[in-house]
Protein chains: 2
Amino acid sequence: MTINNNTFTGEYSYTLDVKGRINIPAKFRNDLTDDNEKSFVITKGMDSCIWVYPIIVWQNIEDELKKLSSLSNINRSFVRNTVRYASMVKYDKQGRIAITPKLIKYANLGKEALIIGMVNKIEIWDPGLLAKTDELSQKIDSSQFDELANKIIL
Amino acid sequence: MTINNNTFTGEYSYTLDVKGRINIPAKFRNDLTDDNEKSFVITKGMDSCIWVYPIIVWQNIEDELKKLSSLSNINRSFVRNTVRYASMVKYDKQGRIAITPKLIKYANLGKEALIIGMVNKIEIWDPGLLAKTDELSQKIDSSQFDELANKIIL
DNA sequence: GATAACTACCCACTGCTACCCATAATCTAT
DNA sequence: ATAGATTATGGGTAGCAGTGGGTAGTTATC
């Protein structure tokens, strides 16, 4: 049973093997609807992590992008930095996806990796980098943080 | 008989077994509506405790989180921190849920644990930590309670 | 066209967890 | 008061999840 379809929560620790493969947590695979055909789109995240989208979620993003004018600055840079590196991956019988060397390098991944559910997508992090990023963001935006928390969390 | 659906009150003392399982009080289970399918979402609380939400309550939180665009830095770190420790748990035939080692460590749980109804969610505490937190909050200026009094009639 | 490199797919091992059963204590109804 | 039901806790186990490694078939290179 799942909370919501194609929706991911929780943090898991997994190992990246010498072939560049990493396991997608069984929970996440179960949350994935069948029309995704066991496939994700992996790409560069906006922090130093890898973003993993279910393909039908990614399709929505592409549709939205098509509607946006290229005159928009933010749109151009999002397309350039994110979409550019996107590639489709299907997980194997053991539930693993292969990560391209470019993305492994970008996310500074070693043997240990953290996989985090981010509601509509998944993030893959180097543990050290995530800790550092966390620390930074909490120092900077605590007031905006509280504002969001008051709005959303019961 | 229940007062309100998915609404929890009262304090109960339970034991965490060696497998990290803890009983959800029978009264709370009875208060849980069927559409939750015997499932909760457990996550880090704001004090050093564990928050336990009925699934349908958590779904509202997820829906709100989905509306936040990942283009914004603050949104990304907020979603990450909110969802990172959240996982769905279903209670077994005996009415127990399994608590992840990470959360046990965070809440500093030993064998004894207090389970407290917090209206729309449940809190799990180490008894010593709760006592200490209680003591601290008693010292807080009573003017803050006066402020609350303007919002809620008891 | 021969060889090297790579990738997709397959198999194997280990440890854990979800599920089951057992038992004692407590509650409930007649 | 007593029998039956429910609740709280402990423990065993089959099956699966996570990980490593092998190989055949495909693509790239010279």
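No experiment lies behind these values; they were computed from the predicted model shown. Throughout, protein chains are lettered first and strands after them, A, B, ... in sequence-line order, and every chain is numbered starting at 1.
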Review point. For A:Asn36 and A:Ser39, what are the C-alpha separation, side-chain angles and deciding distance, and is it a side-chain hydrogen bond (donor to acceptor under 3.5 Å, both in side chains)?
Key: CA-CA 6 Å; A:Asn36 285 286; A:Ser39 300; over 6 Å; no

Exercise for review: Pick base, sugar-phosphate or nothing for B:Asp17, based on heavy-atom distances below 4.0 Å to the nucleic acid.
Suggested key: sugar-phosphate

Review point. Within the structure shown, what part of the strands sits under 4.0 Å from A:Lys111 by heavy-atom distance: base, sugar-phosphate, or nothing?
Key: sugar-phosphate

Atom-to-atom span, [atom1] of [X] to [atom2] of [N] - whole angstrom:
X	N	atom1	atom2	value
A:Asp92	C:dC11	CG	P	13 Å
B:Phe28	D:dA8	CZ	P	11 Å
B:Gln94	C:dC21	CD	P	10 Å
B:Lys93	C:dA22	NZ	P	11 Å
B:Leu114	D:dA8	CG	C1'	16 Å
A:Asn23	C:dT14	CG	C1'	15 Å
A:Ile22	D:dT19	CD1	P	8 Å
B:Lys27	C:dT26	NZ	C1'	17 Å

Check your understanding: Only one of B:Ile50, B:Leu130, B:Leu109, B:Asn108 forms a side chain to side chain contact (heavy atoms under 4.5 Å, CB included) with B:Trp125, so which one is it?
Key -> B:Leu130

Point to revise | Polar side-chain contact A:Arg21-D:dG18 base: donor and acceptor under 3.5 Å | key: no

Practice item. Run the salt-bridge test on A:Asp47 and B:Arg80 with the 4.0 Å N-O cut-off and return the result as yes or no. Key: yes

Check your understanding: Salt bridge check: are B:Lys132 and B:Glu135 linked by an N-O gap of less than 4.0 Å?
Key -> no

Check your understanding: Mapping B:Lys19 and B:Thr15 to their closest nucleotides on DNA chain D, which lands nearer the 5' end?
Key -> B:Thr15

**Study point:** Closest to side chain of B:Ala26, choosing from D:dG18, C:dC21, D:dT7
**Key:** D:dT7

Review point. Among D:dG20, D:dG11, D:dT7, which is the nearest nucleotide to the side chain of A:Arg96?
Key: D:dG20

Check your understanding: Under 4.0 Å between a side-chain N or O of B:Tyr14 and OP1 or OP2 of D:dT9?
Key -> no

Review point. Would one find a side-chain N or O of B:Arg29 under 4.0 angstrom from OP1 or OP2 of D:dA8?
Key: yes

Practice item. For A:Tyr106 and A:Tyr85, run ring pair (Phe, Tyr, Trp, His ring centres under 6.0 Å): C-alpha distance rounded to whole Å, both residues' side-chain angles, the deciding distance at 0.1 Å, then the answer. Key: CA-CA 11 Å; A:Tyr106 169 71; A:Tyr85 296 94; 7.4 Å; no

Point to revise | Exceeds 12 heavy-atom contacts within 6.0 angstrom, atom CD of A:Glu37 | key: no

Check your understanding: Between residues 34-41 of chain A and DNA chain D, which residues have a heavy-atom gap below 4.0 Å?
Key -> none

Review point. Atom CG in A:Asp35, atom CD1 in A:Ile56: separation rounded to 0.5 Å?
Key: 4.0 Å

